[in-house]
Amino acid sequence: MPAETSGPSPAYLALARLGRTDARLALSAADCSALEGPAAAWLARGVGEEYLIRALTAGLPDAIGSPVGFVRRRLRDKIPPGVAAVPAPEAPGTPPPRPMVECVECGAPGRVEALPDGLCRSCRTPAQDAVTEAVPAAATEAATGPPPGRGDVMAHVGTLRELLRLP
């Protein structure tokens, strides 16, 4: 006694629906069985039946001489890439990872905020520390002051243009 099957596969059903979606792609039961393997490969790559049907029916020519040949070719040529496993989202409240960098002089590792200008404390000179600490204050003063006038910007652009002309 032959074993009973649970019915047609999702790939077979998607291929059978092609003719109802677009009459130019009407397939027989034998055609659906013959193309079931390649269609199942699409579904194994993580695409759904609706995506498969849209991909096979998009941009059809006006006339199709052999629907089974046309669908076979599209199943082979347009197969999507395998979808990589999506990493599990991190638990709520988990702090984001903080990048580590290295000192450009000695290669000592440290956090970004611990290495201003890419230098660790032992590689910086006291003068560099003073400049680094003064920069935020200067930036704050510049941000609170009045914006530069149009004439100042035009004069600066003129100076830059003259510098570009020099050999």
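The figures here come from the full heavy-atom set of this structure, side chains too, leaving out hydrogens, waters and symmetry mates.
For the atom pair SG of Cys32 and CG of Leu18, the computed distance is 7.5 Å after rounding to the nearest 0.5 Å. Note that CD1 of Ile79 and CZ of Arg74 are 14.5 Å apart. Values are rounded to the nearest 0.5 Å. For the atom pair CZ of Arg24 and CG of Asp62, the computed distance is 6.5 Å after rounding to the nearest 0.5 Å. Atom CD1 in Ile53 sits 5.0 Å away from atom OG1 in Thr21 (nearest 0.5 Å). Rounding to the nearest 0.5 Å gives a distance of 5.0 Å between CG of Asp22 and CG of Leu60. From Glu49, atom CD reaches atom OG of Ser9 across 8.5 Å, with rounding to the nearest 0.5 Å.
Shown here are the salt bridge (charged side-chain N to carboxylate O under 4.0 Å, His left out) partners of Arg54, two or more places apart in sequence or in another chain: there are none.
Clustering of Ile, Leu, Val, Met, Phe, Trp and Tyr by side-chain heavy atoms under 4.5 Å joins Leu115 with Val101, Val112.
Counting only distance, with no hydrogens or angles, the side chain of Trp42 and the backbone of Leu75 share a donor-acceptor pair below 3.5 Å. In this structure, the side chain of Arg45 engages the main chain of Pro80 through a donor-acceptor pair within 3.5 Å. The closest donor-acceptor contact from the side chain of Lys78 to the backbone of Leu56 lies at 3.5 Å or more, if one exists at all. In this structure a side-chain-to-backbone donor-acceptor pair under 3.5 Å is missing from Asp117 to Leu119. Between the Arg76 side chain and the Val71 main chain, no donor and acceptor come within less than 3.5 Å of each other.
With hydrophobic clusters built from ILVMFWY side chains whose heavy atoms lie under 4.5 angstrom apart, Tyr12 does not share a cluster with Tyr51.
The stretch residues 100-114 participates, sequence neighbours left out, in these side chain to side chain donor-acceptor pair (under 3.5 Å) pairs: Arg98-Glu113.
In this structure, Ala11 and Ala40 approach most closely via the heavy-atom pair CB-N, 3.6 Å.
A heavy-atom distance below 4.5 Å is found between the side chains of Leu43 and Pro10. Two residues are said to be in side-chain contact when any heavy atoms from C-beta on lie closer than 4.5 Å; Glu50 and Arg17 meet this criterion.
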